[in-house]
Amino acid sequence: MTEEEEYKKSQNEVESCMRGSGKSREMDGGGVKSNSVLGSGWNGLALGIVSTLWPDEGVEQWNAVGKESSLHLFNSLIFAYASSRQPHLSFLLFATQTSLLPPNRLTFQFLLKASSKSKSLLQASQIHCISTKLGFGSHVFVQNGLLHCYIMCGLFKDARRVFDVMPERDVASFNCMIHGYAESGDMDSASGVFRSAPSPNVVTWTAMVAGYARRGDVHIARRFFEEMPHRDVVSWNAMMSAYVQNRRPVVALGLFRRMQLENLAPSSTSTTIVGLLLACTGARALDQGKWVHAYLNKKRIRLNSYLGSALIDMYCKCGAAELGFQVFAGLVEKNLGVWNAMINGLAINGYSERALELFDEMRMGATVLPDEVTFVGVFLACSHAGFVEEGRRHFHCTVKECGVRLVLEHYSCMVDLLARCGFLKEAEDIVRCMPIRPDDVVWRALLGGCMVHKDVELAERVVLEIDARCSGDYVLLSNLYASVERWNEVERVRRFMKDKRIEKTPGCSSVEIESDSRVHLKR
DNA sequence: TTAGGGTTAG
């Protein structure tokens, strides 16, 4: 049976189970009966697993939970795995547990959590089937778990079908559904579910705020935020993030000040600080970013990967790559986001060699595998420094070796590198043979090379390929004609722009926002 | 111990 057939079969089974499950037979607590089956060998195994999960406090935690009840212990472990980076290990543990101890409702809840985290609908369907057979399937928490898994897998229509036939719904079921619609950008449906929710809570309202923000409707998001009967730290974080996402970083900073005034800032989580750092980055507010960093140090807040990469990115985008590197060097937890922030940060600041060295270091370490974003940094570094050979090697070989798919951004960097270094033919060949349709950024990268090397004929062809031609493209072409003293063509382009009323976009620059609007963090 | 907010490119 293929995986798809297997999936369909279990989906049918789930649906027939759901239709026929009727009233749930609660068995919570009953499972502990088999305690005696669990010998010391199992306790040893459990201890080993706990120690791996929590190397420092493992024994202590095990002592705290392990001796009460074996089922409780196994459930705790399943939950710990479900919340960890290896959620699939929950299923392995369940396979060993189920032969010794009858699972209870919590076991299934945690397994469904693991299915959601590993986005495994097949597992979720199977788990739901077993739970239904044991009489837990129609419990609202279990059903919510299944619903959540459908949402996490992006199957919104299927989620709706589950939602519609649920024998009982609570506020979390509505919240799940709203979040799902919001994720898919369907705020009309989300708002329909929101209106039908009998008792929306702070989670419901926050899901609406985040949903509108994600779609770019920051004003509607703000209206929901202001109308909320009660706000908690997550709602504030969602609203701050809404402004950051919609390129209004200064408003986000202002919101944090209001949060402080309402005395909510002391309970701010690392997510609040990440939001604050993102706002500083967006506003290019280096001084305020430094304040946030100092605050983190003062409060001895450990830098997790989110905080670390946000800090690195803030320093690099504000032109202080050295400070970014200091943060990077001091980080204990370096995940892909952290490496990418540093490699890209060095590349955009012109530290090409250092960026490429770091990329080699990352590959040598082999704990984190590069992805598309990493290669954007790599090509950017090659392009800024004019490292043609190295760029070619990475473009044609390393990307494949790492199992990474080439995306538009990679092509634009590579075309930029080749074209600027005078390999115009090779650059054009790449554009013409790309397996994905080149966008205007790619064509403009080629146009830039034509400018440097005064290739008028190619530039004329390239300009015609640009979909959304703007004044800059015509100005570039006219300057190119001027540089080879073809004054008639210069005049022709200028007249064309005038007739079509194509105006030059005025240049602009930005400065750091004034100190009186600075965020002052409470000590 | 079901549900909402966070990092890296463009």
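Hydrogens, waters and symmetry mates are skipped; everything else that's a heavy atom, side chains included, is used. Please read these numbers as outputs of a predicted model, since none were measured by experiment.
Contact annotation for A:Arg169: no contact, since no heavy-atom pair falls under 4.0 Å across all strands. As judged by a 4.0 angstrom heavy-atom cut-off over every strand, A:Ile343 is placed among residues making no nucleic acid contact. Residue A:Thr204 is out of contact with every strand shown, counting any heavy-atom pair closer than 4.0 Å. Contacts of A:Ser270 with the nucleic acid, taken as non-hydrogen atoms under 4.0 Å apart, include base atoms. Backbone-only contact: A:Phe79 has heavy atoms under 4.0 Å from sugar-phosphate atoms and none from a base.
In this entry the distance linking CG of A:Asn335 with P of B:dT8 reads 11 Å, nearest Å. Between the CG atom of A:Asp371 and the P atom of B:dG10 there is a distance of 13 Å, given to the nearest Å. Put simply, CE on A:Met228 is 9 Å from C1' on B:dG4, counting in whole angstrom units. Counting to the nearest Å, the C1' atom of B:dT7 and the CG atom of A:Leu307 are 9 Å from each other.
Between A:His148 and B:dT2, a side-chain N or O to OP1/OP2 separation shorter than 4.0 Å is absent.
At a threshold of 4.0 Å, the pair A:Asp164-A:Arg161 does not count as salt-bridged, since none of the basic side-chain nitrogens sits closer than that to a carboxylate oxygen.
Within 3.5 Å, a donor on the side chain of A:Asn201 pairs with an acceptor on the base of B:dA3, or the reverse. Contact annotation: side chain of A:Ser241 to base of B:dG6, donor-acceptor pair absent below 3.5 Å. Residue A:Asn75 places no side-chain atom within donor-acceptor reach of the base of B:dT1, judged by atom type and a 3.5 Å distance cut-off alone.
The A:Lys317 side chain lies nearest to B:dA9 when the options are B:dT1, B:dA9, B:dG4. Of the listed nucleotides (B:dG4, B:dA3, B:dT2), B:dT2 has the atom at the smallest distance from the side chain of A:Phe141. The side chain of A:Gln245 has B:dG6 as its nearest neighbour among B:dA3, B:dG6, B:dT2. In this structure, the nucleotide among B:dG6, B:dT2, B:dA3 sitting nearest to the side chain of A:Val203 is B:dA3. The side chain of A:Val373 sits closest to B:dT8 out of B:dT8, B:dG6, B:dG4. Relative to the side chain of A:Ala172, the nucleotides B:dG6, B:dT2, B:dT1 differ in distance, and B:dT2 lies closest. With B:dA3, B:dG4, B:dT7 as the choices, the nucleotide that has an atom nearest any side-chain atom of A:Asp232 turns out to be B:dG4. Closest approach to the A:Asn340 side chain among B:dT8, B:dT2, B:dG6 is made by B:dT8 (side chain taken as heavy atoms from C-beta onward). Out of B:dG4, B:dA3, B:dG6, the shortest distance to the side chain of A:Ala207 is found at B:dG4. Distances were taken from every side-chain heavy atom of A:Asn175 (C-beta onward) to each of B:dA3, B:dG10, B:dG6; the shortest belongs to B:dA3.
Looking only at atom types and distance, the side chain of A:Asn340 has a donor-acceptor partner in the side chain of A:Asp371 under 3.5 Å away. Side-chain atoms of A:Tyr150 and A:Arg160 include no donor-acceptor pair closer than 3.5 Å. A donor-acceptor contact closer than 3.5 angstrom links the side chains of A:Asp416 and A:Ser383.
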Check your understanding: So A:Glu226 and A:Arg231, side chain to side chain contact (heavy atoms under 4.5 Å, CB included) or not? Walk me through it.
Key -> CA-CA 9 Å; A:Glu226 295 299 341; A:Arg231 285 183 281 269; 4.2 Å; yes
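Sequence neighbours left out, the pairs with a member in residues 438-448 of chain A that pass side-chain hydrogen bond (donor to acceptor under 3.5 Å, both in side chains) are A:Arg444-A:Asp473.
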